[in-house]
Amino acid sequence: MFHTESSFILIFIESLNIMQKPRVRFAPSPTGALHIGGVRTALYNYLYAKKLGGTFILRIEDTDQTRYVPGAEDYITEALAWCGLELDESPAKGGDYGPYRQSERKDMYGDFGHQLVRNGWGYYAFDTAEELDAKREEMEAKGEKFSYNALTRNSLRNSLTMSDAEVKELLDANADFTIRLKCPADEIVSINDIVRGKVEFQSNLLDDKVMLKSDGMPTYHLANVVDDYHMKITHVIRGEEWLPSTGHHVLLYRAFGWENSMPQFAHLPLILKPAPSSYLNNKNVDIYTDKFLEEFFKKHSDFTLKTKDQVRQAIRGILLDKDNLSARLQIKPKDKEDKIAIKGFLKSTLFGKLSKRDGDRLGFPVFPLAWQGEKPEDAFTGFREVGFDPMAMINFLAFLGWNPGTEQEIFSLEQLVEAFSLERIGKSGARFDYEKAKWFNQQYLIHGNNADLASQLKPLVASEGWSADDATLEKVAELYKQRATFIGDIPQAASYFFTDDFNYDEKNAKKKWKEKNAEKNHELVGILADTEDFSADNLEKVIKGFIEENELGFGDVMAPLRIAVSGVGGGPSLFEILALLGKEKSVGRLKKGYAHFEALKNA
RNA sequence: GCUCCCGUGGAGUAACAGGCUAACUCGUCGCUCUUUCACAGCGGAGAUUGCGGGUUCGAACCCCGUCGGGAGUACCA
């Protein structure tokens, strides 16, 4: 009895487990390059799915034909692949719940749209876009906001206000129509968001959103609910910008009778621009003033209220007071039109969610991969092109809105999967911090395997027109990885290993080359030329021994040596440099360098 | 305007369901190491947890108010 009971419970738990295996989707629309925030959404979806042995799905939301950008879908796929976020179901890979492009599911949305009308949850609306725009303008002139809702739908042209015959006539005549959701009155729609807890919406305040557009395509709201239901999505993990429309989505599940299989929601915090105080200072105010000024006039090309110089003064004054920015930017009743325009512009460029323009202005990538837009100003660089290790970027992104609750910061993808949970996602906006991003990359570089780094270095060195064997590259990687932020920094920094054609830091050379030590320095070159064992260890013995014997200063000998051999005063251990260069090259460079330094000194 | 969300040192976050001197990372400053540069190690400065009330022996945490910021408010997603 006891046994059967416990095994029954076990089976029960097991079947629950199967039921709970999450199916999550990343659902971008192919309207351009995938923003870094989108990558983070994809990452969290992936992590959650993998943690629980679930399924990670890519669905392309291309219901807006006017905004479709060729190449965008490829960009998305390539970006996810670069990040190592493997898809279980996707347009390319297929799956049991396809097609995975909404444009290819068009027919079913139409059916569900009409079902809404039939069961009383929707209605036909015949108002044209132009009519509604006019209405909006009219209301705005009165200082009010137009909304298609319970209050206004009875005075508009729709199947609620027209007779059945009229409606039929219009439909038969193939008149353009949309189907709108008829939001019920006096209800409280509530969700239990995994990140935010209970969130409530009053149905009275929800507008009658368009579900089916006049071109027969669904809007996001209809398509996402219909697809999530049919693709058996268990958790909707998406950006916070969707939170306000979630009430509509719940209503839709209700309208279709799917409320019991409604997915759980998790709304991710926004990724915010870097805090102005983190990059603004007294030294660079003028640079940023000019940047903002240019952007301001680009945006307000017809701005005639004040001269450019007056606007510059206004912007500069506000930026200078960086600790009180939000107070300075508040719009006061006495502010005139020009001041309001300037304040409004600064507010939107200084605060809010991270945008492409922030990347341009502040000098960091905001997209995973580079993108070539139609116009030159639409082109931008990516984390990949700047030289990021994809895992460093992923690691950085993972912490933008989530933390493991431990002090560990460096995670592999597998470790992230293991540590991740939706419960530990924060609610407040996550600020983009490029310094931190660079730090992550540096950590990956430092802890990277030398052979791996060497193989990454190879093409980079080649693209400079240089070459080196694998052993040299591996040693260069070892010596330079803790001195660089990006692997791409290394070839230039270590150029003297790849070419004899490098410049001397002449100012430094002049300072370090002392006439009184010249003879001894030349003598050491001779000793090195006769040294059999050219290993770093032995060189250290030989050189240090020579210095001590002759009672010279270390700096007197090692500094000129270093500059003659590498051109610069900094870098890895001098003995390692000499050993890697080899005797022939080292001695040759020393002779040439010392002659040059003497000439410099005499000039 | 309205709706929803958020508010912890310069930046990012922590503090599990109110309980020691608010912790960690980045950045910054100093020291040690290396007679270089970095890495690393050690240490310092920096927060009356947006503000004001309230509940409580005790509040970053709960309640009310207030201010600030963000998102949404399209036949875009």
Side-chain angles (χ1 to χ4, degrees), chain A residues 27-31 61-64 66-67 125 127-129 132-133 136 143-148 176-180 193 195-196 199-202 205-207 209-215 217-221 223-224 238-247 267 269-270 272 274-275 277-279 281 322-323 326-327 329-330 347 351-353 396 399-407 409 423-424 426-440 442 446 479-484 493 508 512 547 553-559 562-563 566 568-574:
Chain A
S29 69
T31 53
E61 309 235 332
D62 55 350
T63 53
D64 186 354
T66 61
R67 291 212 310 157
D127 321 85
T128 64
L132 293 175
D133 285 344
R136 246 171 234 121
E144 288 166 49
K145 196 93 188 181
F146 170 76
S147 173
Y148 211 122
D176 274 355
F177 68 88
T178 64
I179 292 176
R180 283 181 181 268
D193 190 277
V195 173
R196 279 149 221 286
V199 180
E200 292 183 333
F201 306 91
Q202 284 183 270
L205 300 167
L206 300 178
D207 64 328
K209 286 209 181 305
V210 169
M211 296 289 115
L212 207 63
K213 298 185 269 191
S214 55
D215 64 0
M217 281 293 216
T219 57
Y220 168 85
H221 310 289
N224 120 88
R238 72 210 327 180
E240 188 190 308
E241 65 269 29
W242 294 111
L243 192 52
S245 56
T246 304
H267 286 98
L270 261 15
L272 268 25
S277 56
S278 71
Y279 58 88
N281 58 49
K322 65 170 176 132
D323 295 325
S326 48
L329 292 176
Q330 267 173 59
K347 211 169 186 171
F351 301 105
K353 69 176 178 183
F396 165 66
F399 275 73
L400 243 35
W402 169 88
N403 77 83
T406 66
E407 280 171 18
E409 291 204 284
E423 286 71 26
R424 291 208 63 90
K427 291 187 230 192
S428 44
R431 204 146 245 146
F432 185 90
D433 181 359
Y434 191 53
E435 293 306 313
K436 198 76 184 251
K438 288 195 286 194
W439 178 80
F440 271 110
Q442 193 184 13
I446 290 173
L479 296 178
Y480 267 93
K481 63 183 183 181
Q482 59 201 183
R483 274 163 246 268
N508 206 353
K512 301 290 183 188
I547 292 170
F554 277 82
D556 292 337
V557 176
M558 307 236 304
R562 177 180 282 284
I563 300 171
S566 71
V568 289
S573 153
L574 175 59

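Note on naming: letters A, B, ... go to the chains in the order of the sequence lines (proteins, then strands), and numbering restarts at 1 for each one.
- With A/Asp207 contributing its side chain and A/Lys209 its backbone, the two residues share no donor-acceptor pair below 3.5 Å.
- Between the P atoms of B/G50 and B/C6, the separation comes to 14 Å (whole Å).
- For the pair A/Leu329 and A/Leu206, nearest-nucleotide mapping onto RNA chain B gives the more 5' position to A/Leu206.
- Not counting sequence neighbours, A/Phe554 has no partner by the ring pair (Phe, Tyr, Trp, His ring centres under 6.0 Å) test.
- Classified by interplanar angle (parallel below 30°, tilted 30° to 60°, perpendicular above 60°), the ring pair A/Phe432/A/Tyr434 is parallel.
- Taking atom CG of A/Asn508 as the reference point, atom C1' of B/U35 lies 14 Å away to the nearest angstrom.
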Q.
Please determine whether side-chain contact (heavy atoms from CB on, under 4.5 Å) holds for the pair A/Thr246 and A/Arg238, giving the CA-CA distance in whole Å, both sets of side-chain angles, and the decisive distance to 0.1 Å.
A. CA-CA 11 Å; A/Thr246 304; A/Arg238 72 210 327 180; 3.3 Å; yes
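- Distance, A/Lys145 NZ to B/C2 P: 13 Å, rounded to whole Å.
- Checking B/C4, B/G69, B/U73 against the side-chain heavy atoms of A/Phe201 singles out B/C4 as nearest.
- In summary, A/Arg67 and A/Asp64 engage in a salt bridge, as defined by a charged side-chain N under 4.0 Å from a carboxylate O.
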Output one line per pair: protein atom, nucleotide atom from nucleotides 75-77 of chain B, and distance, for all N/O pairs under 3.5 Å.
residue, atom, partner, partner atom, Å
B/C75, OP2, A/Arg180, NH2, 3.1
B/C75, O2, A/Ser214, N, 2.7
B/C75, O2, A/Ser214, OG, 2.7
B/C75, N3, A/Ser214, OG, 3.0
B/C75, N4, A/Asp127, O, 2.9
B/C75, N4, A/Ala129, N, 3.3
B/C76, OP2, A/Lys213, NZ, 3.2
B/C76, O2', A/Asp64, OD2, 3.1
B/C76, O2', A/Arg67, NE, 3.2
B/C76, O2', A/Arg67, NH2, 3.2
B/C76, O2, A/Arg67, NH2, 3.4
B/A77, OP1, A/Thr63, OG1, 2.8
B/A77, OP1, A/Lys213, NZ, 2.8
B/A77, OP2, A/Tyr220, N, 3.1
B/A77, O3', A/Glu61, OE1, 3.3
B/A77, O2', A/Ser29, OG, 3.0

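- Residues forming a ring pair (Phe, Tyr, Trp, His ring centres under 6.0 Å) with A/Phe201 (at least two apart in sequence, or on another chain): none.
- Comparing the same atom, P, in B/C61 and in B/A15 gives a spacing of 15 Å after rounding to whole Å.
- Closest approach of A/Arg562 and A/Ser573 over heavy atoms only: NH2-C, 4.1 Å.
- Under the side chain to side chain contact (heavy atoms under 4.5 Å, CB included) criterion, A/Asp127 pairs with A/Ala125, A/Glu131, A/Leu132, A/Tyr148, A/Leu156, A/Arg157, sequence neighbours left out.
- Put simply, CZ on A/Phe351 is 12 Å from P on B/A71, counting in whole angstrom units.
- Both A/Pro244 and A/Gly555 lie near RNA chain B, and the one whose nearest nucleotide falls closer to the 5' end is A/Gly555.
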Q: Indicate for each nucleotide in nucleotides 36-43 of chain B, in 5' to 3' sequence, whether protein heavy atoms under 4.0 Å reach the base (B), only the sugar-phosphate (S), or nothing (-).
A: BBBS----
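- At distances below 3.5 Å, not a single donor-acceptor pair connects side-chain atoms of A/Asp176 with backbone N or O atoms of A/Thr128.
- Counting to the nearest Å, the P atom of B/G68 and the NZ atom of A/Lys347 are 8 Å from each other.
- Between A/Arg196 and A/Pro269, the closest side-chain pair of non-hydrogen atoms falls below 4.5 Å.
- Not a single salt bridge (charged side-chain N to carboxylate O under 4.0 Å, His left out) links A/Lys347 to another residue, sequence neighbours left out.
- The shortest side-chain heavy-atom distance between A/Arg431 and A/Lys436 does not fall under the 4.5 Å cut-off.
- With sequence neighbours left out, A/Glu200 forms a salt bridge (charged side-chain N to carboxylate O under 4.0 Å, His left out) with A/Lys198.
- Within the nucleic acid shown, A/Lys427 comes within 4.0 Å of sugar-phosphate atoms alone, with no base atom in reach, counting heavy atoms only.
- Under the rule for a salt bridge (charged side-chain N to carboxylate O under 4.0 Å, His left out), A/Arg424 has no partner lying at least two apart in sequence or in another chain.
- Taking atom CZ of A/Arg238 as the reference point, atom P of B/A71 lies 18 Å away to the nearest angstrom.
- Looking at heavy-atom distances under 4.0 Å, A/Gln202 makes no contact with the nucleic acid at all.
- The P atoms of B/C64 and B/C5 are separated by 13 Å, rounded to the nearest whole Å.
- Looking at A/Lys213, its side chain does come within 3.5 Å of a backbone N or O of A/Thr63 through a donor-acceptor pair.
- Nearest heavy atom pair, residue A/Leu400 against residue A/Ala430, reads C-CB, 3.6 Å.
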Q) When every nucleotide of nucleotides 11-17 of chain B is labelled 5' to 3' by its protein contacts under 4.0 Å (heavy atoms), B for base, S for sugar-phosphate only, - for none, what sequence of letters results? A) SSSSS--
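- When the C1' atom is used for both B/A71 and B/U25, the distance is 28 Å, rounded to whole Å.
- Among the protein residues, A/Lys481 comes within range of no part of the nucleic acid, since none of its heavy atoms lies under 4.0 Å from any strand.
- In RNA chain B, stems built from 3 or more consecutive Watson-Crick or G-U wobble pairs, each with both distances under 3.5 Å, span B:1-7 with B:67-73, B:10-13 with B:23-26, B:28-32 with B:40-44, B:50-54 with B:62-66.
- Across the P atoms, B/G44 and B/C63 are found 38 Å apart, a figure rounded to whole Å.
- Atom C1' of B/C42 sits at a distance of 11 Å from the matching atom of B/C33, rounded to the whole Å.
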Heteroatom pairs (N/O) under 3.5 angstrom, protein to nucleotides 61-67 of chain B:
none

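- For the C1' atoms, the distance from B/G46 to B/C26 is 14 Å, rounded to whole Å.
- Residues satisfying the ring pair (Phe, Tyr, Trp, His ring centres under 6.0 Å) criterion with A/Trp242, sequence neighbours excluded, are A/Tyr220.
- One P atom belongs to B/G43, the other to B/A23, and the distance between them is 14 Å to the nearest Å.
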